Amino acid sequence: MNFRLLSKRLLFLLMVVWAASTITFFIPRISPKNPVRERFAELARTGGFSPEDLEVIVADYSQRFGLDKPLLQQYGDYMWGILRFDLGISLNKFPKTVMQLIYESLPWTIGLVFITTILSFILGNWLGALAAWPRSPDWLKNIATSFVLFQGVPPVLLGILLIFFIGFKLKLLPLGGAYSIGTVPDQSIGFFLDVLRHQLLPGIALVLGSVGGWVISMRGMGVTIQGEDYVTFAEHKGLGPRVIFRDYYLRNALLPQITGLALALGNLVTSAIVVEGIFALPGLGTMLNSAIRSNDFSVIYGIVLFITIGIATLMVIVEFLYPLLDPRIRHQ
Amino acid sequence: MSSVTLSNTAIRQPNKVTLFFRYLRRNPSLTFGLLIMLFLVIFTVHGLLTINTKDAYPLAVRPKMPPSFQYPLGTDFFGRDLYAAMVIGMWQTAVIGVFAGALGTIIGTIFGFISAYFGGFIDAAITSICQILIPIPAFLIQVIIAGSIDKRSVTILTMAWVVLLLAWMGPTLVIRAQVLSMKERQFVSVAKLSGMTSLGIIFKEILPNLLPFIAAAFIAQVFQAVFASFYLAIVGLGPVREPLLGNTIWSAQTQGAFFNGWWWWPIGPAVAMILILGSLALINMGMDEMANPRIRRSE
Amino acid sequence: QDLPDVPRNQTLILGWDLSAAVVGVTNPWALPGYTHQRGNAFLWEPLSYYGIFKSEEIPWLADSMEYTSDDFTSMEIKLNPMAKWSDGVPVTSKDVVFTFEGQMNNQTLPYHAAFNQYVESVEAVDDLTVNVTFKIPAPRFKFEVLTLKFDTGIPIVPAHALEAQEDVNAFPGGLDMPHSGPYNLVAWDLNQKIFDLREDWWAVEAGRIGVPEVKRIVMANIGGQQMDNIAQRIVNNEMDAALDMRSSVIKSIVEQNPMVTTHSGDQPPYGYLDWWPNALWMNTQLEPYNDQRVRRAMSLAINRELLDEIIYEGAGITTIYPFPLYPALQEFADSPAVKALEEELQPGLYDPEQSAALMEEAGFTMNRDGLWEKDGETVSAIIQGFEQIHSDIVPFLVEMLRNAGFDADVNFGADSYQNMADGVAGLYMFGHGASLIDPYAALELYHSRYSAQIGTSAGNNRFSRYANPEYDALLDEMAPLGADNPRFQELAAEALGIYWKEQIDIPIIQWLHRIPYNQTYWTNWPTADNPSLGENGAFWAHTGMLVVTNLKAAQ
Amino acid sequence: MKPVLKVVDLEVSYYTDAGRAKALDRVNLELNAGEKIGLVGESGSGKSTMALAMMRMIKPPGRIEHGQVIVDGNDLTSLSDEQMLKARLSQIAYIPQGAMNSLNPVTRIGAQMIDAIKAHSPNMPKDKMRARSLKALESVELKPEVFRMYAHELSGGMKQRVCIAIGILLEPKVIIADEPTSALDVVTQRQVMETINKVQAEIGAAVILIGHDMGLMAQSMDKVAVMYAGRLVEVSTVKEMFTAPKHPYSQALIRSLPKLDVRGVFQGIPGLAPSLLRLPSGCAFHPRCQEAMDKCKTLRPENQVLASGSRVTCHLYGEGA
Amino acid sequence: MANLLEFKNVSKIYKRGKTETVALDNLSLTLKDDEPTILTVAGESGSGKTTLAMLLLGFIEPSLGQIYYQGKDISLLSGSERMSFRKEVQAVFQDPFAVFNPFYTVEHLLEVPIKRFKLAKSRAETRDKMAEALTAVGLQPDEIFGRFPHQLSGGQRQRINIARALVLRPKILVADEPVSMVDASLRANILETLRTLQRNYGVSIVYITHDLTTAFHIASSIMVLYRGSVMEAGGVEQVIKYPQHPYTQLLVDSIPWPDLNRRWGQTDLEPSEDSVIGQGCKFYARCPKAMEVCRSRPPLFQLEPYQTASCFLYQEKPKLESEQLSKTLPV
Ligand SMILES: Nc1ncnc2c1ncn2[C@@H]1O[C@H](COP(=O)(O)OP(=O)(O)OP(=O)(O)O)[C@@H](O)[C@H]1O
Ligand SMILES: Nc1ncnc2c1ncn2[C@@H]1O[C@H](COP(=O)(O)OP(=O)(O)OP(=O)(O)O)[C@@H](O)[C@H]1O
Ligand SMILES: [Mg+2]
Ligand SMILES: [Mg+2]
């Protein structure tokens with residue numbers, strides 16, 4: 001039905017992919033550094049390579065990675081690869097491909113980031129709505145506002161503090177790792193709970209750090225909606241505050257928030273990159289971090305691209321789902 | 001027609017200052033945010049006037065001293081006076097934040113105006129560029145860029161530039177949306193009828209009304225900039241020697257400060273970071289209220 | 001996956017960064033993805049190991065490995081007849097020849113250069129005997145290349161598994177690749193690697209070692225975690241050992257959990273000497289580092305005593321040598337010739353005034369910021385380093401240099417290594433990963449052979465680009481000589497004298513590994529009091545397998 | 001006949017930055033069942049405030065200071081909040097000013113009607129609620145399909161009628177309609193007014209129609225109440241109002257109306273409405289009143305019933321005059 | 001007798017995606033220089049009234065046809081001509097609040113045109129001019145100066161708006177629903193001001209409204225639009241008292257006169273359906289008297305010298321070319 005829209009959105013997606021990949025392609029090439037060389041120089045640190053050989057090896061690998069071809073051809077190959085979901089080969093973890101590496105670490109990040117995004121969406125919007133709702137008691141509004149303060153705390157910092165207080169001092173939750181050392185991953189409930197326990201602190205750090213954003217925007221939205229005539233009319237109808245809150249106020253205020261979901265996810269991914277590290281969770285973030293630190297450029301660009309495409313795709317999906325939630329848009 | 005004296009000439013609106021304070025009372029988040037900010041500014045300015053800059057760098061004082069009268073925030077493993085380090089760190093954070101924030105906002109405002117006011121192809125181009133760039137996580141690109149520049153030339157200002165690079169799309173879209181709605185307002189039509197030129201209308205009619213939005217965008221930008229600089233510091237891409245708050249927190253971490261019982265080392269800058277970002281978030285929320293008249297509490 | 005349950009008291013848990021590991025890559029030739037550091041050392045064995053703290057060779061796959069000529073130009077290797085790969089195939093001279101020829105012919109392998117330089121040919125005499133012929137005298141080849149210690153040397157790879165591969169560099173290996181080490185890799189993801197003991201390990205039968213008590217090794221990922229987190233997890237008995245700790249942290253660990261010990265027990269310096277003494281290197285071809293006076297002035301600005309006191313709790317860790325003071329080298333350092341030189345040249349002297357005088361002599365003036373300046377340029381003294389290992393010491397060095405007027409700063413960026421290799425102006429905090437048993441390797445780093453032109457890349461540890469014919473002559477004369485030759489000792493002292501006098505680089509600290517050993521479940525860790533085979537305690541080093549297989553269950 | 005609605009001394013103030021604004025000043029009104037009264041007055045004179053006060057829907061900074069609203073013998077001002085919720089719509093219903101935005105855009109019309117019924121009789125079976133809603137739609141002459149539609153699928157007039165349908169769902173005794181037609185064009189306006197009249201006749205409720213279009217009042221109301229600066233200055237039958245208005249303000253208002261027979265004559269009311277913050281002393285209208293006397297400046301006139309049945313608040317009438 | 005303003009077969013079509021809205025359909029209209037008049041443009045919501053105003057002010061361009069000002073196509077005016085066009089064609093808008101820039105005090109509204117059109121030489125003169133105009137609309141200047149828009153009442157604001165037009169002494173004033181947001185008692189005042197403008201200052205006024213009662217009182221001629229087309233036009237008294245087109249009849253019938261003797265009419269109120277036949281009479285779907293012939297577009301028929309209707313009920317009357325429309329509008 002919406003063929004035009006669909007094709008337009010797909011075009012948008014392609015444009016995003018194109019822009020992101022172009023940026024990731026050209027930035028390192030504008031810079032005077034040679035990623036392959038840098039990587040091998042780094043490797044030489046652990047011993048063995050001689051300088052004479054280094055250049056030979058670099059040349060050899062440059063060929064493997066196609067870096068000896070003319071720039072435009074490289075660019076073309078790169079683009080063509082991306083369209084086939086081929087993000088190239090890791091420099092550091094050769095012979096693994098970037099896609100393989102992403103698949104290995106993705107589950108952890110998806111688990112963490114998706115759950116925290118949803119949680120912070122629910123919590124933040126709930127608090128924001130309550131903060132704007134004139135009937136809610138002052139203490140509740142103050143709590144909601146104090147969450148805004150938390151928004152000012154970078155999740156890593158929260159993570160550090162949480163580890164210190166809850167992990168070190170109170171010994172309530174594990175200090176790190178994705179699951180208890182030595183357990184063998186399986187499908188059991190026990191394992192699932194173990195994973196959950198380990199995700200709790202990083203999850204809290206991410207949720208606390210991102211709730212405030214939702215509180216702010218939801219509060220703004222909420223005050224706007226509350227001034228709408230249909231809310232007033234609902235009161236005139238004699239509806240109880242609960243029903244009004246739920247069906248008239250929350251529902252309407254929430255809708256525009258949903259469009260922000262995909263972008264919020266993007267922000268959380270950023271936070272997760274740093275947070276995963278301090279909790280020793282082997283997700284995309286940790287992968288990216290180690291890539292950054294080991295000059296594994298192809299992995300860095302691969303992950304950046306992957307995340308970007310993920311976010312853009314989610315944005316498009318949200319856009320397509322949105323009409324299902326908002327009848328006004330459906331109509332157009 | 002007879003003109004009877006208006007009885008409401010007699011009504012005196014309370015003066016602006018009173019009104020401002022009353023407004024602050026109604027907008028606690030703004031008030032709270034401004035108060036914290038004011039405190040931080042006083043702290044920094046007072047600090048800058050009293051400290052010895054050298055004390056903010058290693059080997060200046062006796063290391064690993066807990067807070068005392070002489071060193072109100074203690075000293076760290078490297079022998080920095082943490083009070084001096086905090087003052088300098090706040091100052092540098094402010095420089096990055098304000099620089100990136102201001103430029104981002106200015107660029108955003110200019111693009112937003114151009115886009116909305118001239119419409120057509122330019123608008124389509126600017127908005128699509130923004131929309132295409134927005135899903136790209138800025139931080140990741142910043143990492144790539146920061147990783148690609150020659151580290152010897154990384155200073156506080158380069159850091160601000162890196163932060164700025166992907167920071168202008170947000171304001172652009174916000175300002176564009178506002179100008180678009182503003183543009184449809186009748187006073188713009190009237191200004192045209194009064195012989196005003198496009199530029200005149202932009203600067204004299206529309207811009208002043210967007211000040212709250214621009215201010216809100218600015219605050220949001222500063223927030224983003226401070227945040228980004230913190231993250232870049234953590235992944236080791238900042239000017240490491242400088243006592244930027246992020247650097248101090250991170251170096252405390254890498255020296256195991258908590259574990260070794262030197263809690264005062266990371267706590268100070270962490271609290272400062274929380275206060276800076278928290279007050280910005282609160283001000284942002286308060287500004288939101290000003291920018292959105294529906295939310296504005298009735299007067 | 002079905003793994004048998006192994007009780008905790010038979011399981012060894014090691015904390016290590018696996019996030020950077022390449023899951024499934026076990027083939028030592030799969031480069032650059034392979035590393036022995038993340039547990040793969042439990043799979044691969046060499047011809048022999050070296051127990052550094054006992055200065056003893058530990059024969060392993062080879063029963064013996066002897067130079068068969070006085071001028072070190074040929075060698076005979078005799079393999080242990082019981083050695084077997086994990087798939088039952090015996091380890092034979094075919095594997096040794098395959099390994100050696102692979103290194104000779106495959107230029108992407110790390111020891112290609114060494115083989116290329118020295119090895120003429122390799123020949124299997126029979127199933128258990130291999131003869132190696134060298135192009136030139138290679139007195140140190142056996143030790144440097146064929147013996148595993150710390151992070152250097154090569155393991156023997158299974159010819160029958162690799163022959164079949166089209167591109168040996170691109171073959172990951174996987175969990176099932178035949179190997180000769182005691183453990184099978186049974187599970188591997190980004191969180192952990194699990195190794196289970198192989199009951200049919202040849203070395204037990206061959207009498208090399210007793211039956212290992214560690215039935216299972218779990219290597220748990222701690223990548224990215226802050227050191228104090230890891231420390232806390234050790235204190236909580238979550239792990240039996242982990243990466244080496246910063247000196248301030250290890251002290252707290254030992255204090256908080258009495259079951260945790262270190263190489264030096266509960267006394268500073270809490271660690272053992274690594275082979276990697278760090279210096280401030282500089283590109284001696286570049287202004288102003290091409291001026292000996294500037295180099296010396298910088299050295300005079302470094303207060304080593306203060307460093308010892310602040311960072312290392314007073315343990316004397318700073319150094320004036322470009323090599324680690326292992327027993328043999330300590331002997332060299334204590335020799336009268338070296339002592340006399342030290343007395344004369346004062347390489348460890350801290351004297352700001354003399355430093356300033358030298359700078360003025362070199363034509364520098366102090367500018368308003370208190371920095372030395374010449375032709376409007378300050379001394380670009382950005383120290384390139386590595387955050388994880390240098391973040392405690394480099395900030396101090398920066399400040400000491402700054403206080404003496406050098407425009408110092410620090411770069412811990414991902415590009416710091418390349419800046420060193422490229423010889424970008426500045427200072428490089430880096431180790432001398434060279435000498436272990438005699439000073440030759442360390443001194444050879446400054447041979448003009450490695451004095452790469454500016455603009456080309458200097459290889460590992462050859463950042464100085466130093467050139468001095470007099471010095472070269474000494475080194476050339478030393479090269480074919482064994483270390484026990486008195487002439488060698490004489491020449492070495494002379495070369496060290498030039499190194500000090502010329503201040504080719506500024507040696508700063510001995511490198512220590514401070515590894516916490518948790519004795520709650522496992523005892524018999526290699527320590528100063530209990531040197532075991534003389535191997536170092538790092539489970540991630542090539543000798544890690546020896547550490548693990550020698551552990552004794554505590555309960 | 002017993003009045004179905006009695007407003008007694010109702011007083012409402014808004015507390016603003018510039019001071020306290022008395023938006024409703026001791027207003028009294030009585031209405032019989034089936035009676036339709038128009039409430040007119042300048043913008044800001046307090047018409048909506050009065051409606052909201054009757055619904056007990058004044059929100060801060062406003063406050064009901066005083067007075068009673070008695071519907072069918074029940075004093076609404078003495079009810080608990082819970083009871084008041086029940087009273088809304090079932091006793092007294094309000095049809096809002098901006099029907100354009102008075103319907104929830106994301107739920108179906110039907111759901112919004114059922115909501116309202118459920119709030120008052122939670123135990124009523126679903127199909128009965130549905131039947132009742134459909135009946136209400138039918139009485140405002142909307143097709144049953146509207147039940148399943150969304151607000152944005154309806155035209156302005158239809159939306160306004162949906163609001164009316166909701167207003168009569170529970171057959172309240174009193175219906176207050178606040179400018180239900182001012183956003184509509186004449187044709188639709190007429191349709192809506194006819195609908196109101198029709199349903200009012202069906203359920204026999206009393207109607208208060210707020211507006212400032214005297215034409216509309218003339219066409220469909222029984223009585224007109226004129227409000228000025230928070231006070232009801234005159235309440236008369238339509239006939240009385242258009243033929244012989246009593247209060248000088250009413251007179252001026254009527255004079256200012258356009259007439260079909262004499263073209264091109266305008267007569268505005270001189271001066272401006274006073275600010276509620278600073279009301280003129282005495283009678284609030286005196287500065288604009290052509291018949292103002294000395295005592296008008298100082299003495300606040302009281303409400304009185306004239307022989308004609310009109311209630312007026314003016315010194316021209318009563319003992320002193 | 002120069003034509004001050006001339007619409008020549010002007011159409012405006014809005015395209016949004018695939019849907020096209022004909023907001024104004026082939027309108028021709030002339031306003032003469034020497035005969036200031038008040039012309040009412042009436043019609044229900046969406047009939048194209050505002051579109052007409054916007055076209056006239058040059059804010060939007062016609063999709064078809066031309067608009068001439070003093071004989072020149074307004075889209076081709078030179079710089080100075082444009083300046084005088086801007087000055088001479090002015091408007092008063094519906095919402096008296098929205099026309100003020102909330103950032104400035106109200107005199108900004110008057111000051112800007114004086115400055116831009118260089119109507120005064122000094123600050124003092126500017127102020128005098130402003131005061132004069134304000135007084136002319138019955139406001140006391142010193143009460144107005146220095147205030148922000150929200151500090152004034154709607155009536156005051158609307159009158160300042162008119163004062164603005166006065167300052168400029170335009171030749172044409174477009175008043176787009178200037179009183180719809182104002183309550184009954186103020187309405188009279190404002191309309192009176194407008195009429196004074198026309199009478200005393202010779203300004204032609206295009207009065208746009210859907211309120212036929214006020215139109216009846218203020219205007220001399222009227223044009224009834226429905227979906228962009230002229231349904232009926234002529235002298236205001238003639239058209240409102242004796243409407244001929246069924247649509248006009250419906251409108252007039254629906255006026256709630258504040259007059260007890262004149263009750264609302266009985267014309268059936270068909271709900272408006274969107275089923276317009278592309279080529280037919282636009283009112284076809286709602287017309288109680290629709291005939292087969294109405295499936296084609298009716299031309300204008302001249303009923304009286306000052307009355308014309310576009311309806312086949314009068315097909316025996318002489319046809320009137322659409323260009324001739326202005327002839328039936330009395331001054
Ligand atoms: N929330 C409020 N805060 C302060 N003052 C208010 C508030 N609501 C209304 N008022 C004031 O109360 C007075 C009466 O307002 P009300 O809305 O009842 O007038 P109205 O007669 O309905 O006007 P209109 O015809 O414009 O709807 C006005 O002066 C208004 O400014
Ligand atoms: N910018 C636009 N884009 C698309 N369609 C438009 C635009 N402006 C007006 N229209 C359409 O043109 C038609 C005429 O609109 P116009 O605003 O001229 O009507 P109007 O008579 O002024 O109505 P109202 O009485 O509601 O002000 C309407 O159907 C409207 O939806
Ligand atoms: Mg009202
Ligand atoms: Mg209009």
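Order of the sequence lines sets the chain letters (A, B, ...), proteins ahead of strands, with each chain counted from 1. Everything numeric in this text was worked out from a predicted model, so none of it was measured.
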With a 4.5 angstrom heavy-atom cut-off, could you sort out which part of [X] is near chain B: side chain, backbone, both or neither?
{"X": "C:M245", "value": "neither"}
{"X": "C:N403", "value": "side chain"}
{"X": "C:V235", "value": "side chain"}
{"X": "C:L306", "value": "side chain"}
{"X": "C:Q256", "value": "side chain"}

| said: Does any backbone or side-chain atom of B:A257 lie under 4.5 Å from a heavy atom of chain C? Answer side chain, backbone, both or neither. | reply: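 Backbone of B:A257 only, per the 4.5 Å heavy-atom cut-off to chain C.
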| request: Can you tell which part of B:S251 gets under 4.5 Å to a heavy atom of chain C, answering side chain, backbone, both or neither? | output: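 For B:S251, there is no contact with chain C at all, as no heavy atom is under 4.5 Å.
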With the side chain counted from C-beta on, respond yes when [X] and [Y] share a heavy-atom pair under 4.5 Å apart, and no when they do not.
{"X": "B:F259", "Y": "C:I253", "answer": "yes"}
{"X": "C:M227", "Y": "B:Q253", "answer": "no"}
{"X": "B:N260", "Y": "C:K251", "answer": "no"}

| query | Going by atom types only, do B:Q255 and C:S391 share a side-chain donor-acceptor pair under 3.5 Å? | reply |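 Note: B:Q255 and C:S391 side chains meet the donor-acceptor criterion.
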| said: Are more than 12 heavy atoms, taken from residues, nucleotides or ligands other than B:F99, located less than 6.0 Å from that residue's CZ atom? | reply: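 Count over threshold, so yes.
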| message | So for atom CD, which belongs to C:E305, do other residues, nucleotides or ligands contribute more than 12 heavy atoms lying within a distance under 6.0 Å? | response |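 12 or below, so no.
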| task | Using the side chain to side chain contact (heavy atoms under 4.5 Å, CB included) rule, pick out the option among C:I310, C:N303, C:V398 that qualifies with B:L59. | result |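 The single option meeting the side chain to side chain contact (heavy atoms under 4.5 Å, CB included) with B:L59 is C:I310.
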| task | Look up atom NZ in B:K54 and atom CZ in C:R402, then write down how far apart they are to the nearest 0.5 Å. | result |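 Output value for this atom pair is 7.0 Å.
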| What class does the angle between the rings of C:F396 and B:F78 fall in, given that below 30° is parallel, 30 to 60° is tilted and above 60° is perpendicular? |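 Geometry flag for B:F78 against C:F396: tilted rings.
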